[in-house]
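Positions are given from 1, in the same order as the sequence printed here. Just so it is clear, the model here is predicted, and its values are computed rather than measured.
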Amino acid sequence: MTEMGLDEVIRERRSSRMFLPDKPVPRDLLDEALALAMRAPSNSNTQPWHVHLATGERRTRLVDALLAAVAASPPAIGSAGLPPRFAHLRRQSGALIYGAMGIEREDAEGRWNAQLRNWEFFRAPVAGVVCMHRDFGTVDAMGVGMFLQTLLLALTERGIGSCVQVSIALYPDVLREQLEIPDELTPLCGMSIGYADPSFPANHLDTPRNPVADNVVFLER
């Protein structure tokens, strides 16, 4: 077998997948993880989280509708939605991920194709949307966050990969129509659930974190 050239390596990386689409997630494992996540704390035990999960044909229709919406009205990705002083963190993260995939900064088409995978739920077999009742506020959103983190950890413990996606919530009308989400629920984010594809380079990234002292203050006197 001949050694692959650089162009072939890059093409192979671009065609790889974050998740294995043909390896379904057993429903009993999903149920176990969700039952554990339901034990997450919340303000006055309001349990403000609501999750809609789609698999099979329902997931396919959702992805088709999202991709059509993106084609008709592409979102502004960049650093939109972040305060300017934090925008560099998104740029650093993007450089790491795209670099692992072999996509150069100047490759606008390659970057856009990679971004489109967000609305395909990275081809994971389970597509999810996390919502909160519209009457809840910031305090209750913390409860949703704790539920979501507990769910991710429970999935990980069972060997199941996941990815939380803010970009999914950019098209709430599509989500409502495709998943029958009632008007009183606000879509907060999407999530992809499945088994990680070991050949996808970005799955092996160790993303940097701030030193503890940058985010935590100890007061002793």
Side-chain angles (χ1 to χ4, degrees), residues 18-19 25 29-54 62 66 75 77 79-94 96-97 115 117-119 121-122 124 126-172 174-176 179 181-194 196 202-203 205-218:
M18 183 179 289
F19 295 94
V25 177
L29 295 184
L30 271 177
D31 288 342
E32 288 177 11
L34 287 163
L36 282 171
M38 290 295 293
R39 304 301 302 176
S42 61
N43 179 36
S44 300
N45 197 32
T46 52
Q47 304 169 67
W49 48 80
H50 292 266
V51 183
H52 289 67
L53 300 174
L62 171 61
L66 283 170
I77 301 293
S79 298
L82 284 182
R85 64 175 296 185
F86 297 109
H88 69 285
L89 296 173
R90 175 174 285 168
R91 291 193 294 270
Q92 291 173 2
S93 177
L96 283 173
I97 295 171
Q115 290 171 5
R117 293 179 184 174
N118 280 278
W119 295 285
F121 292 89
F122 299 110
V126 181
V129 175
V130 180
C131 304
M132 182 176 74
H133 196 282
R134 63 188 176 195
D135 291 342
F136 284 127
T138 304
V139 170
D140 307 289
M142 291 194 298
V144 178
M146 287 186 278
F147 163 84
L148 187 54
Q149 176 78 342
T150 305
L151 176 58
L152 300 184
L153 291 173
L155 290 169
T156 301
E157 185 180 21
R158 286 156 179 76
I160 302 168
S162 57
C163 180
V164 178
Q165 302 163 248
V166 176
S167 57
I168 296 297
L170 296 175
Y171 298 92
V174 174
L175 302 179
R176 294 185 192 285
L179 299 180
I181 298 174
D183 290 341
E184 64 264 24
L185 296 183
T186 301
L188 299 180
C189 66
M191 65 180 306
S192 301
I193 302 173
N203 281 343
L205 282 177
D206 183 10
T207 53
R209 291 294 188 270
N210 294 341
V212 172
D214 285 2
N215 294 72
V216 180
V217 176
F218 284 99

Please report the closest heavy-atom contact between [X] and [Y], naming both atoms and the distance.
X      : Y      : value
Leu53  : Gly128 : CD2-CA, 3.7 Å
Leu185 : His52  : CD1-CE1, 4.0 Å
Ala154 : Leu36  : CB-CD1, 4.1 Å
Val164 : Cys189 : CG1-SG, 3.7 Å
Arg176 : Pro182 : NH1-O, 2.9 Å

Practice task
Give the C-alpha distance, both sets of side-chain angles, the deciding distance and a yes or no for side chain to side chain contact (heavy atoms under 4.5 Å, CB included) between Leu29 and Leu155.
Solution key: CA-CA 8 Å; Leu29 295 184; Leu155 290 169; over 6 Å; no

Roughly how far apart are [X] [atom1] and [Y] [atom2], rounded to 0.5 Å?
X      : Y      : atom1 : atom2 : answer
Gln165 : Ser192 : CD    : OG    : 3.5 Å
Arg39  : Gln47  : CZ    : CD    : 8.5 Å
Asn210 : Asn215 : CG    : CG    : 4.5 Å
His50  : Thr186 : NE2   : OG1   : 10.5 Å
Trp119 : Leu62  : CH2   : CG    : 13.0 Å

So do the side chains of [X] and [Y] get within less than 4.5 Å of each other, counting heavy atoms only?
X      : Y      : value
Val144 : Phe136 : no
Trp49  : Leu188 : no
Val126 : Ile160 : no
Met191 : Val130 : yes
Pro187 : Leu179 : no

Practice task
Could you give me the CA-CA distance, side-chain angles and deciding distance for Ser162 and Leu151, then say whether side chain to side chain contact (heavy atoms under 4.5 Å, CB included) is met?
Solution key: CA-CA 9 Å; Ser162 57; Leu151 176 58; over 6 Å; no

Practice task
Only counting residues at least two apart or in another chain, list the ones meeting side-chain contact (heavy atoms from CB on, under 4.5 Å) with Val174.
Solution key: Ala65, Leu66, Ala69, Tyr171, Gln178

Handout entry: Pairs meeting criterion salt bridge (Lys or Arg N to Asp or Glu O under 4.0 Å) with involvement of residues 151-164, two or more places apart
Key = Glu32-Arg158

Handout entry: Whether Thr156 side chain and Leu152 backbone form a donor-acceptor pair below 3.5 Å
Key = yes

Exercise for the section: Identify, with sequence neighbours excluded, every residue that meets side-chain hydrogen bond (donor to acceptor under 3.5 Å, both in side chains) alongside Arg209. Expected result: Thr207

